[in-house]
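What follows is one structure encoded as C-alpha cells, with my remarks underneath.
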Amino acid sequence: MESLTYLYLSDSALTDFPAFVFRCKNLVLLDLSLNGLSGPIPIQKLSSLKNLKVLNFRNNSFQGHIPAELLNLTKLQVLRLSENNLTGFIPHEIGFIFGLHKLDLSYNPLLGGPIPASLGQLWALEELSLYHCGLNSGIPAHLFLNWTTLTFLDLSENKFEMLNISSSIDLRHQICQGMKLLPELLKHCTSTVTIQVETCYLTMNTTMTYAKLPNLGSVDLSNNQFSGCIPENIGEVMPKLMVLALYNNNISGTIPTSIGDMISLYALDLSRNKIMGSIPTYLSNLEDLQSLVLRNNRLSGEIPSLKNCSKLQILDLSENQLSGYIPSWIGQSLTSLRVLSIRSNKFTGTIPKTMSILYSLQVLDAAENCLSGTIPDIFINFTAMTITEKMADNNYDRNHMFYYVVSIDIVAKGAMMDYTNFLSLVTCIDLSRNNFSGRIPESLTKLIGLRVLNLSRNNLIGKIPQKINQLQELESLDLSDNQLSGAIPLNMSSMSSLGALNLSYNNLSGLVPYAGHMITFDASTYYGNEDLCGPPLPKTCDSHELVPRFNNDEDLRTGPPEVRQFWISVGLGFGTGFGGWFSILAIKRKWNNAVLKVMDFIVEILITRLQHFFGRRNRCCLYNQF
C-alpha cells in the first residue's frame, strides 16, 4: 500500500504497532489513538514517513521520552501525544517543526520541567494543550510575541508560577546554545529580543510594545501556582477571547478594567484566588457572557448592575465579603439563569419576589448570609426543579467553538461536593444559616425534581409540610436548628432517594415514623426534639405522646390544615345528622317521645365518655395518627 495517504485505526484494540505502516511512504495522516499500544514511540521508523502531516497517538500507553527526532518530520502540522505515560522534559526540538499548527501533549503527568523557549518560534501555532503535564517554573513571556495565530491555550493543572525572568533575554543564546541543528534552521536564531515585566504588563524593550494574540479564543491557566496580578492590558492583548479560566491560583490585585473590552467573552472563571476590591461595573459590557465565576476571593462591596448580561446562566459570587441587598434585577433581567450562588457573604434584607420568574434556575444557594424575613412563596415557577431524573435533558449548549464546563460547589449530605457537568446532575435550594422566620412555603413540595434542600439554622416555625413526600428525587434534607413543631409526616417513609436527613434541634413531637426508608436513619437525626419518641430514639411512647403537640399560637380551629379539615368534617356530619333526625320527627310525630328518650340516653353516655377521655387536655390534635 505504498500509495496510501490516510490511515485511521483509532479505537481498534491494537496492542502491537502495525509494522506495515512504515512501508507506507506517502502517508499524510496516521491515527492510532484510543488503542493499547505501549513501549517507546518508534521514532526511528516513523522518521521515514517524510510526508506525514498529522500524527495522532492520543490515549495509548506509550512510555519513555518524547523523541527529539520528531524534528525530522518537517511537514508535521498536527501532533497529538496526550493521555500516555511519557516521561522527561518536552524536547526543544519540537519548537523547530515550524509548520506545526496543533500540539497536544496533555495528561502526561510524569512529564516535568519548563516549557521550552523554542516553542516561541512556532509562528503557525493555533492550539497548544499542555494540561496536567507536571510542568513547573515560569512561562517565558516571549512565547506570546510570535503566537499571533493562537486560538486555544490550555496550561492548566501544572505547577507554573508567575513570570520569573531577567530583564534581558537573548533568545539566540537560549534557543541555539548547545543545540545541534541543521544549518538551514540557524537563520531563525539571529535576533536578540529584550522582554521586561513592569507592573503586570508584558512589554518589549522600553517602548511599551505589547504582545498581541489577536486570534486567541480560549486560555486556561487554572490549577497552577501563579501569583501577582492579572495583566492590566489583558483585554488589549487578547481582544477576541471567549474563555478565560484562571481559577485555583494565588492571583491577587483587582480585576483589570480591560476585561470589559473582551466583548466576545462568554466564560470568565477567576475563582479560588486572592483577588480584592469590588466587582467592576464594566463587566456589564460583556453582553455574551454566560458564565461568571468569582467564588472564593476577597471581593467586597455590592453587586454591580449586570442587567446587560442577559445571557448569563451561571453567576457564582460565593465565599467573598460582598454586602448589601440581593438586587431585584437578577430576577427581572437574568431570566436564563441556571445557577445563582451567593453563599458565605454578608448580604442582608430579604429574597426579592422578582426571582419567581427564574424558570431555568436549578441551583439557588444563599446560605451563610444575614438574610431575614419570611421565605417568599416564589418556587412554583422554578420549572427546571420540577424535572425528574428520567425527564432530564442532559444536552448542554455547545454553540461555541470553545466549550467550557463549569464546576460548582454544593453542600449536600453534610459535606461540600464539587459538581462538574452539574446542569443535568443537581438541583439545589440552600438557604441555611440565615435569619429567616415564618413557615416553610408549601410551593417547595411542588419541586419534584429537587435533590438538595437545606433550610437549617434559621428561625422557621410551623409544621413540616405534609406533602413533603412528593419530593421523590430528594437526596439530602436538612431542617435542623429551627423551631418546627408538630409531627413528622408518616409519608416520609416513602422517600426512597433520601440519603441524608437532619431534623435535629426543633420542637417536633409524637411518634417517629420508623418504617420504609426511614429505618436507615439513626437517633442523631432527631436529637434535640424532647417530645419525639419511638425507635430509633431510646424514649418509648406513652398513649398521650402518640398525639403531636403544636406551638401555643396554633389553635385547633386555626392551626394546621389537618386540624381544620377535622373540624369542618365534624360540623358537616353533625349538621347532616341533626337535620335528618328532626326532619323525620317532624313527619312522624308519634315517634317523638320514644326517639327523644333514646337520644337523651345516648347524649348522656357520650358526654360522660368525652369528659373522661379529654380531661383537661388543651390544644391537642383530635385526629387519629394511625
Side-chain angles (χ1 to χ4, degrees), residues 295-296 299-303 315-331 337 339-356 358 361 363-380 382 385 409-412 414-416 428-445 447 450 452-465 468 474 476-486 500-508 525-530 550-554 560:
R295 176 176 69 244
N296 198 350
L299 298 169
S300 58
E302 298 184 356
I303 301 177
L315 179 58
D316 188 348
L317 308 177
S318 58
E319 298 179 62
N320 281 285
Q321 300 171 21
L322 300 170
S323 57
Y325 297 128
I326 301 175
S328 60
W329 52 258
I330 289 181
L337 209 59
V339 174
L340 175 60
S341 181
I342 56 172
R343 74 175 294 121
S344 192
N345 279 285
K346 300 177 181 179
F347 290 111
T348 56
T350 60
I351 296 178
K353 293 185 178 180
T354 55
M355 290 176 61
S356 62
L358 296 178
L361 197 66
V363 174
L364 172 59
D365 190 349
E368 299 182 36
N369 281 284
C370 302
L371 300 173
S372 58
T374 59
I375 300 176
D377 204 359
I378 59 175
F379 306 104
I380 192 66
F382 285 10
M385 294 188 188
D409 288 341
I410 299 292
V411 175
M416 183 73 76
C428 169
I429 294 178
D430 191 344
L431 304 178
S432 61
R433 296 174 183 255
N434 281 286
N435 297 313
F436 289 116
S437 56
R439 301 178 184 275
I440 299 174
E442 288 288 336
S443 60
L444 277 173
T445 63
L447 306 180
L450 193 64
V452 177
L453 176 60
N454 191 345
L455 304 179
S456 64
R457 301 198 180 189
N458 283 287
N459 298 306
L460 301 176
I461 62 171
K463 291 186 64 179
I464 299 173
I468 192 77
L474 202 64
S476 178
L477 174 62
D478 192 346
L479 303 178
S480 62
D481 286 278
N482 281 287
Q483 300 176 36
L484 300 174
S485 58
L501 175 65
N502 192 350
L503 303 178
S504 61
Y505 299 101
N506 281 285
N507 299 318
L508 300 172
T525 301
Y526 311 103
Y527 284 163
N529 293 279
E530 296 181 358
F550 301 101
N551 288 337
N552 293 333
D553 61 347
E554 292 179 335

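- Residue pairs that meet the side-chain hydrogen bond (donor to acceptor under 3.5 Å, both in side chains) test with at least one member in residues 317-329, sequence neighbours left out, are D316-S318.
- Nearest heavy-atom pair, I326 versus I330, reported as atom, atom and distance to 0.1 Å: CG2-CD1, 4.1 Å.
- In this structure, M355 CE and L361 CG are separated by 6.5 Å, a value rounded to the nearest 0.5 Å.
- Atom CG of residue L508 and atom CD1 of residue I464 lie 5.0 Å apart, to the nearest 0.5 angstrom.
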* To do: Just do the side-chain contact (heavy atoms from CB on, under 4.5 Å) check on L460 and I375 with the steps written out, would you?
  => CA-CA 9 Å; L460 301 176; I375 300 176; 4.1 Å; yes
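- Here I429 contributes atom CD1 and F382 contributes atom CZ; the two are 6.0 Å apart, rounded to the nearest 0.5 Å.
- Looking at N435, its side chain never comes within 3.5 Å of a backbone N or O of S437 through a donor-acceptor pair.
- Contact between N434 and E368 at its shortest, heavy atoms only, is ND2-N, 3.9 Å.
- Between atom SG of residue C428 and atom CG of residue N454 there is a gap of 7.5 Å, rounded to the nearest 0.5 Å.
- In plain terms, the two heavy atoms of R343 and N369 that are nearest each other are CA-ND2, 3.9 Å.
- Side-chain atoms of D481 do not come within 3.5 Å of backbone N or O of S432 as any donor-acceptor pair.
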* L453/L447 under side-chain contact (heavy atoms from CB on, under 4.5 Å): CA gap, chis, key distance, verdict -> CA-CA 10 Å; L453 176 60; L447 306 180; over 6 Å; no
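- To the nearest 0.5 Å, atom CD1 of residue I468 and atom NZ of residue K463 are 12.5 Å apart.
- L503 approaches Y526 most closely through the heavy-atom pair CD1-CE2, 4.2 Å.
- Heavy-atom minimum distance, I351 versus I378: CG2-CD1, 4.0 Å.
- To the nearest 0.5 Å, the span separating CD1 on I440 from CG on L484 amounts to 5.0 Å.
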* Check against side-chain contact (heavy atoms from CB on, under 4.5 Å), L337 and L315 -> CA-CA 8 Å; L337 209 59; L315 179 58; 4.1 Å; yes
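- In plain terms, the two heavy atoms of L501 and T525 that are nearest each other are O-CG2, 3.2 Å.
- Counting only distance, with no hydrogens or angles, the side chain of N345 and the backbone of F347 share no donor-acceptor pair below 3.5 Å.
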